[in-house]
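Count residues from 1 along the sequence. Note that the structure is predicted; figures quoted are calculated from it, not measured.
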Amino acid sequence: MRAFGFLSFGHYGSAVGAPGVDARQMLHDAVDISAGADELGVNGAYFRVHHFARQSASPMPLLAAAAARTERIEVGTGVIDMRYENPLYLAEEAAALDLLADGRLALGVSRGSPEPAERGWESFGYHGSTDPRGADVAREKFDLFLRAVRGEPMARAAENGYMSSAAPGAGLRIEPHSPDLADHIWWGAGSRESAENVGRMGLNLMSSTLLTEATGESFGDLQTEQIERFRAAYREAGHTGRPRVSVSRSVFPIVDEQDRMLFGMRPGEGADQIGIIDGMRSTFGRTFTGEPDQLIEQLRADAAVQSADTLMLTIPSQAGVDLNLHILESFAQHVAPALGWRPNTGGPVEGDAV
C-alpha cells in the first residue's frame, strides 16, 4: 500500500424515528470531505453509484465539484453501473472531467451491483438483455465506451457536415478527447475470473467490497489471489504499463474516548461475513477497529492490502464532515505511515510493474 482514499456510498435519508441528512446535504458534505481530505494529503475521493436508492447516483456533477475544490486528490467512482449508461455520452463526460481535473480522474466502472429496482436499466431505456443480471448489456456498452475513450471513430462525417472540416465519410471520434483517459479506467471485479478479464483488457483493477465467492479462505486471501491472477493476465496479454490496484476496507482508528464510544467493536464485526448476493454465496470483508498499533499489525497481515497500491476506506458519510475528516486524519497520522503511505503532495500514484 502506497496510497489511501475514502470510499463513500453517499447515503442520505433518515432511519425510522431518527433525523438524517437530505440529498442536498449529502452532496455538499461529499465535496467538503473531499476538500478536507485533499488538505490532509489523502490520495483519493471515490463515490459509489446506485440507482433508485437514497445514495449517490449521477456522479459527474459531484466529481466536477470535488475536482474544482481540490488540487491534488484523485476523484473517482467505485463504481459506475454500465447497465444504466449511454456509453458514448459517458465517454464525452469522462473526457471533459479528466481534462478539467488535470488527469486526476479515476473512473471505476463495472456491471454494477444488485439494485433496488427489478431490471432497473430497462426503465432508463436500455432493453435487450437476456441475462437476468444484465451482464451482457453492461459488457457490450463497456466495449463501446472503451473504444470511444481510446479515440476510435464512432461516426462518419456527413456529406455537408456542419461546423466540420472532415472529409465526407471520414471517421469522427468522440470529443473532447483526453489522451490519457484510458489509463484512468478501472473495472470493479467481484471474482478471480473477472479480475483476469480486467488484466487481459489492460485496465486498472478495483477489487470489489465483496467477492462473489466463498471457498473458506479469508477475504484478504481471496483478494490476493484475485490480484495475482489480474497481474499475470495483464502481463501475458502483452501490456507493459504499471496498472493500479485498489482494495477497500472499513477501518476505524481509536485515538480518543469518542472513538471508543462510536467505534468500539461489536460482536461479529471482527470477522469476515458470508452471505448470499445475486444468488451467489459471497464473502464480505471484516471491519477493522482498534488502537493504531493493533490496526497496523492487522493491516500488515492482510495480504491484499499489502499487494494493492491503494486502500479505500469506506466511510460513514451520513455522520457528517467533521467526524469523517477525523477518521481520515487519525488514519493518516497514526496508521498509514507505518503501511508505506505517501501523501498526495508526492504526486500521482503509480501502480506496480507486472
Side-chain angles (χ1 to χ4, degrees), residues 1-5 7 43-44 46 48 74 76-82 105-113 133 135 138-139 142-143 145-147 149-150 180-249 272 277-278 280 282-285 299 301-314 339-340 348-354:
M1 187 204 97
R2 292 185 295 280
F4 84 91
L7 175 62
N43 308 88
Y46 313 100
R48 290 291 296 265
E74 189 173 67
T77 52
V79 291
I80 290 176
D81 189 331
M82 287 302 299
L105 177 62
L107 198 72
V109 300
S110 81
R111 184 215 76 192
S113 58
R133 297 181 297 155
R139 176 61 66 186
F142 178 73
D143 290 345
F145 166 74
L146 191 58
R147 288 171 50 208
V149 163
R150 288 173 170 164
D180 299 322
L181 177 57
D183 296 332
H184 306 160
I185 305 299
W186 303 62
W187 183 270
S191 69
R192 291 167 292 182
E193 286 71 21
S194 60
E196 291 177 342
N197 290 332
V198 180
R200 284 189 283 269
M201 289 188 290
L203 305 173
N204 302 298
L205 174 67
M206 189 173 287
S207 186
S208 177
T209 52
L210 63 90
L211 296 178
T212 53
E213 299 171 299
T215 65
E217 297 180 81
S218 72
F219 183 75
D221 287 343
L222 282 172
Q223 276 191 320
T224 302
E225 185 182 347
Q226 185 191 43
I227 294 168
E228 291 171 350
R229 288 194 186 190
F230 158 73
R231 287 177 173 150
Y234 187 99
R235 180 177 61 250
E236 291 164 6
H239 302 298
T240 57
R242 299 175 67 93
R244 297 275 304 280
V245 175
S246 72
V247 297
S248 61
R249 296 288 186 272
D272 295 341
I277 189 165
D278 250 8
M280 290 179 283
S282 304
T283 306
F284 303 78
L299 292 171
D302 188 319
V305 171
Q306 296 304 305
S307 184
D309 57 76
T310 299
L311 173 62
M312 296 183 180
L313 302 182
T314 57
L339 301 176
V349 182
E350 281 195 338
D352 293 298
V354 299

Which is it for L7 and R48 under the side chain to side chain contact (heavy atoms under 4.5 Å, CB included) test, yes or no, and what are the steps along the way? CA-CA 7 Å; L7 175 62; R48 290 291 296 265; 4.0 Å; yes

Would you please test I80 and L107 for side chain to side chain contact (heavy atoms under 4.5 Å, CB included) and show each step? CA-CA 8 Å; I80 290 176; L107 198 72; 3.7 Å; yes

I'd like to know whether W186 forms a side chain to side chain contact (heavy atoms under 4.5 Å, CB included) with L203, so could you lay out the CA-CA distance, the side-chain angles of the two residues, the decisive distance to 0.1 Å, and finally the verdict. CA-CA 6 Å; W186 303 62; L203 305 173; over 6 Å; no

Run V247 and I227 through side chain to side chain contact (heavy atoms under 4.5 Å, CB included) and show every step you take. CA-CA 10 Å; V247 297; I227 294 168; 4.1 Å; yes

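Proximity of a side-chain donor or acceptor of Q226 to a complementary backbone N or O of A189 within less than 3.5 Å is detected. Of the possible polar contacts, one joining the T224 side chain to the A304 backbone as a donor-acceptor pair under 3.5 Å is found. Side-chain N or O atoms of N204 include none that pairs as donor or acceptor with a backbone N or O of P243 at under 3.5 Å. Checking side-chain atoms of R235 against main-chain N and O of V354 turns up a donor-acceptor pair under 3.5 Å.
With sequence neighbours left out, D143 forms a side chain to side chain contact (heavy atoms under 4.5 Å, CB included) with R139. Applying the salt bridge (charged side-chain N to carboxylate O under 4.0 Å, His left out) rule to E228 yields no partners; only residues at least two apart in sequence or on another chain are considered. With sequence neighbours excluded, no residue forms a side-chain hydrogen bond (donor to acceptor under 3.5 Å, both in side chains) with T77. Looking at residues two or more places apart in sequence or on another chain, you find no side-chain hydrogen bond (donor to acceptor under 3.5 Å, both in side chains) involving D183. The side-chain hydrogen bond (donor to acceptor under 3.5 Å, both in side chains) check on D302 picks up R249, with sequence neighbours excluded. Looking at residues two or more places apart in sequence or on another chain, you find a salt bridge (charged side-chain N to carboxylate O under 4.0 Å, His left out) between D352 and R2, R231. In this structure, the salt bridge (charged side-chain N to carboxylate O under 4.0 Å, His left out) partners of E225, at least two apart in sequence or on a different chain, are R192, R229. Applying the side-chain hydrogen bond (donor to acceptor under 3.5 Å, both in side chains) test to S194 and every residue at least two apart in sequence or in another chain returns S191. Listed by chain and residue number, F142 satisfy the ring pair (Phe, Tyr, Trp, His ring centres under 6.0 Å) test with W187 (two or more places apart in sequence, or in another chain). Residues passing the side chain to side chain contact (heavy atoms under 4.5 Å, CB included) test with Q306, sequence neighbours excluded: R300, L339. Checked against salt bridge (charged side-chain N to carboxylate O under 4.0 Å, His left out), R150 has no partners two or more places apart in sequence or in another chain.
Using a 4.5 Å cut-off on side-chain heavy atoms (C-beta onward), R133 and R111 make contact. When side chains are defined from C-beta on, M312 does not count as touching F4, because their heavy atoms never get closer than 4.5 Å.
In terms of heavy atoms, V349 sits closest to A3 at CG2-CB, 3.5 Å. Smallest separation of non-hydrogen atoms from A237 and G199: CB-O, 4.4 Å. The shortest non-hydrogen separation linking A195 to L205 is CB-CD1, 4.1 Å.
Residue pairs that meet the ring-ring contact (aromatic ring centres under 6.0 Å, His included) test with at least one member in residues 222-241, sequence neighbours left out, are Y234-H239.
Each of R244, M206, M1, E74 was checked for a side-chain contact (heavy atoms from CB on, under 4.5 Å) with T310, and the lone residue meeting it is R244.
In this structure, the separation between OG on S246 and CG on D309 is 7.5 Å, given to the nearest 0.5 Å.
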